[in-house]
Amino acid sequence: MKKFLALLLALVMVFALAACGESTTEPSTAPTTEATTEPSAEASTEPSDNAEAADFTTVEEGKLIMSTNAAFPPYETTDDTGAVIGIDPEIAALIAEKLGLELVIDDVDFDSALLAVQQGKADMVMAGVTVNEDRLAVMDFTTSYATGVQVVIVPEDSDITDMDGLEGKLIGCQRGTTGYIYASDTPENGGYGEENVVAYDNGITAVEALKNGQVDAVIIDNGPAKEFVEANPGLKILETPWVEEEYAIGLSKADSADALNEAINNALQELIDDGTVQSILDKYITAE
Ligand code: GLN
């Protein structure tokens with residue numbers, strides 16, 4: 001049922017975006033000129049080689065503010081210097097370059113990252129954000145650039161072997177995520193009941209709680225799950241993948257953001273069409 005819903009949503013989304021990007025989503029045959037898109041203060045008011053870019057406004061002039069939660073490797077994490085690195089910042093940097101804007105990354109909790117866009121504090125949220133019905137009611141989304149699957153992490157010696165084995169167990173999730181939303185749903189709706197799910201600030205603290213025996217399992221997206229299990233011996237991912245999802249860039253629903261949203265979506269579409277997004281995904285996610 002959940003899989004069906006997720007698939008349905010993905011289809012709806014593709015149609016919605018196809019409709020709004022109709023006239024502008026043709027893959028350009030000419031390579032985009034990287035050298036001419038240096039960020040500059042007046043770039044957003046100057047006509048550029050990206051025609052749609054001419055009349056958009058951003059939260060701060062000349063800047064593209066991306067909110068994120070940098071505790072979700074390989075999509076976003078921090079390096080030794082505290083800089084946010086990963087799939088999302090790499091794609092965002094290329095979008096900013098295409099739009100002639102300076103990328104500014106705001107690293108906050110996941111639920112705050114979603115809110116920042118809704119409250120006009122950020123131009124976009126990239127945080128491995130799953131498109132779902134509730135979020136579509138309060139945000140716009142670009143076309144999807146990646147897929148994720150909710151998976152279960154357990155200790156290697158756990159007696160939990162499948163989704164049914166989670167019944168009556170304590171499950172850790174990250175606050176505000178789809179994993180939390182599904183897991184805390186009622187058993188009639190395929191969840192495990194709110195009383196059986198503990199919300200943590202981020203995936204890393206949920207995994208710490210699992211290692212300390214405070215929860216029996218963690219439900220989280222497969223990308224970070226793989227990284228957390230690799231970094232923490234004694235944990236494993238169950239073979240049973242749960243809900244499949246589409247990741248997209250979350251955008252403001254305000255009319256004033258329409259032109260920027262279209263420019264962001266077009267830039268992303270170009271990066272998908274010319275294979276750039278796939279090569280970034282391949283670089284971070286080792287195929288099995
Ligand atoms: N894909 C999940 C969601 O959108 C988790 C994202 C995250 O934790 N950064 O809810």
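The structure displayed is predicted, hence computed values, not measured ones. Counting starts at 1 for both ligands and their atoms, in listed order. In what follows, every heavy atom counts, from backbone to side chain, and hydrogens, waters and symmetry copies are set aside.
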Please work out whether the ring planes of Tyr192 and Trp242 are parallel, tilted or perpendicular, with thresholds of 30° and 60°.
->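 Geometry flag for Trp242 against Tyr192: tilted rings.
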Under 3.5 Å between some N or O of ligand 1 and some N or O of Thr177?
->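 No, Thr177 has no N/O under 3.5 Å of an N/O on ligand 1.
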If you measure every N/O of Gly128 against every N/O of ligand 1, is any gap under 3.5 Å?
->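 Yes, Gly128 has an N/O under 3.5 Å of an N/O on ligand 1.
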Going by the order shown, which atoms of ligand 1 are within less than 4.0 Å of some heavy atom of Val129?
->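 Under 4.0 Å from Val129, ligand 1 has these atoms: 4 (O).
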For atom 7 (C) of ligand 1, grab the closest protein heavy atom and report residue, atom and distance to one decimal in Å.
->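 Looking only at protein heavy atoms, the one closest to atom 7 (C) of ligand 1 is Phe72 CE1, 3.3 Å.
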Give the residue, atom name and distance (to 0.1 Å) of the protein heavy atom nearest atom 9 (N) of ligand 1.
->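 Answer, as residue, atom name and distance: Ala127 O, 2.8 Å.
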With atom 3 (C) of ligand 1 as the reference point, say which of Arg135, Gln174, Arg175, Gln150 has the nearest heavy atom.
->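 Of the listed residues, Arg135 has the closest heavy atom.
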Per atom 10 (O) of ligand 1, closest listed option by heavy atom (Thr178, Val149, Leu114, Asp221) =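 Of the listed residues, Thr178 has the closest heavy atom.
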Are Asp159 and Lys169 close enough for a salt bridge, meaning some N to O gap below 4.0 Å?
->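 Answer for the salt bridge query: yes.
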Is a salt bridge present between Arg175 and Asp201, judged by a nitrogen-to-oxygen distance below 4.0 Å?
->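 Looking at Asp201 together with Arg175, the answer is yes, because their closest N to O distance falls below 4.0 Å.
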What distance do Leu170 atom CG and Asp216 atom CG have between them, rounded to the nearest 0.5 Å?
->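 Those atoms lie 6.0 Å apart.
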Any donor-acceptor pair under 3.5 Å linking the side chain of Asn265 with the backbone of Asn261?
->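 No; zero donor-acceptor contacts below 3.5 Å.
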Proximity flag Asn69 to ligand 1, non-hydrogen atoms under 4.0 Å |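 For ligand 1, residue contact (heavy atoms, under 4.0 Å) with Asn69 is absent.
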Aromatic ring proximity Tyr247/Tyr75, centre distance under 6.0 Å =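 For Tyr247 and Tyr75, the ring centres are under 6.0 Å apart.
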Which pair of non-hydrogen atoms, one from Ile204 and one from Asn202, has the smallest distance, and what is that distance?
->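 Shortest heavy-atom separation between Ile204 and Asn202 comes out as N-OD1, 2.9 Å.
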Side chain or backbone of Tyr247 under 4.0 Å from ligand 1, or both, or neither, by non-hydrogen atoms?
->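 The answer is the side chain.
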